[in-house]
Amino acid sequence: MVFGHELNLTKKDVGGAGLTSSGDPLPQDTLQTCLASGAVLLGAVGGPAFDNVPKDLRPERGLLRLRRELGAFANLRPAICFSSLEDCSPLRPEVVRGADILIVRELLGGIYFGEPRTTEGAAGSRVAIDTMRYGEAEIERIARVAFELAQSRRRLVTSVDKANVLDCSRLWRDVVTRVAREYPTVQLRHIYVDSAAMALVSHPTDFDVLLTENMFGDILSDQAGAIVGSIGMLGSASIGGPVALYEPVHGSAPDIAGKGVANPLGAILSVAMMLRYSFHLEAEAECVEAAVASVLDAGHRTRDLAKRGQAAIGTVEMGRHIVGALKENCALAR
Ligand code: IPM
Ligand code: MG
């Protein structure tokens, strides 16, 4: 152990695992343990085996309930182009070089949680309804998170909405503009989500903090993952409540599950965020991030990052390299 901290780990089921072990995608015992913990690290939920279970039992419901129970309204998803991964991006290296985006996604509102949400009517003429709903207070608190974080970055908040069509977005724009007045050193620009999708792939370095609502953030963060080389590289922190939740941005990847080839760096970078935001161990967090950069610089690649003809290593081996780099590089940082 490099820094001499001791972490007590408790493992609990959620999502499909919870459903299998106790018929609930968020078992009571899991929730209670999470609420009594210093932080929560989540893998991924879901899989084809659960595609036909009733909607309230879906693995994803377990995750959404957990986010809500933890009060985790602010989802931070950094999408950083590591310099040795420039040529893993589907974009030209000169387009993606230096990209360093922090997506601040509202996580407890919008169409993910709005009521009513129903499917009604007879087969053949069914009608489904989802509700996008936002209140001023919800928008205000997430906007504040974005502006606060922008202050220690490049001081640009890009707020993404669909204010030309949606009432929720018009309210969003209004409230974000109002909050921005409290942060005169931070520049704010508004952009429609369709245009943001285009700008992200054509000029990713134009973004610093990207502030957006729940569903737009879900979509754009996968896109940002591809831009920086692989969604397997993205970690995230869901903060705002008493206990924060850390999870890689990627899903359960059923096509490679159990094969030992998944990229663990998204999960490892999520742990770095945990050290930073929950335990206030900034130097330790930076060591983990530096270890990831140095292992990539040394040319180690999981399958998602390897180019044609390049050797790929498995999940466990990548993990070992990170531990090795931590021991080697961070002993001095103590
Ligand atoms: C994510 C995931 C989740 C979401 C799913 C699994 C519910 O896609 O964290 O991006 O949509 O928020
Ligand atoms: Mg997603």
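Ligands are counted one by one from 1 in listed order, and the atoms in each one are counted from 1 as well.
Distance from atom 10 (O) of ligand 1 to its nearest protein heavy atom, with residue and atom name: Asp218 OD1, 2.8 Å. Of the protein's non-hydrogen atoms, the one nearest atom 6 (C) of ligand 1 is Glu60 CG, 3.8 Å. Atom 11 (O) of ligand 1 has Tyr112 OH, 2.5 Å as its closest protein atom, hydrogens excluded (heavy atom only).
Residue-level proximity to ligand 1 for Arg105 is carried by the side chain, the only part with a heavy atom below 4.0 angstrom.
Crowding of Lys11 atom NZ: a count of heavy atoms from other residues, nucleotides or ligands under 6.0 Å not exceeding 12.
Taking the ring axis of Tyr112 as reference, the NZ or CZ atom of Arg117 does not stay both within 45° of it and closer than 6.0 Å to the ring centre. Relative to the six-membered ring of Phe113, Arg133 misses at least one condition, a distance below 6.0 Å or an angle of at most 45° to the axis.
For ligand 1, the polar-atom distance check finds an N/O of Arg77 within less than 3.5 Å of one of the ligand's N/O atoms. At least one N/O-N/O distance between Arg67 and ligand 1 falls below 3.5 Å.
Note: His300 and His321 have parallel aromatic rings, judged against thresholds of 30 and 60 degrees for the angle between ring planes.
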Checklist entry - Given the rule in the salt bridge (Lys or Arg N to Asp or Glu O under 4.0 Å) test, do Arg58 and Asp51 qualify, once you have shown the distances and angles that lead to the verdict? => result CA-CA 7 Å; Arg58 286 192 64 102; Asp51 276 350; 3.7 Å; yes
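Ser230 places no side-chain N or O within 3.5 Å of a backbone atom of Asp304 that could act as its donor or acceptor partner.
The minimum distance between the Mg ion (ligand 2) and any N, O or S atom of Asp218 involves atom OD1.
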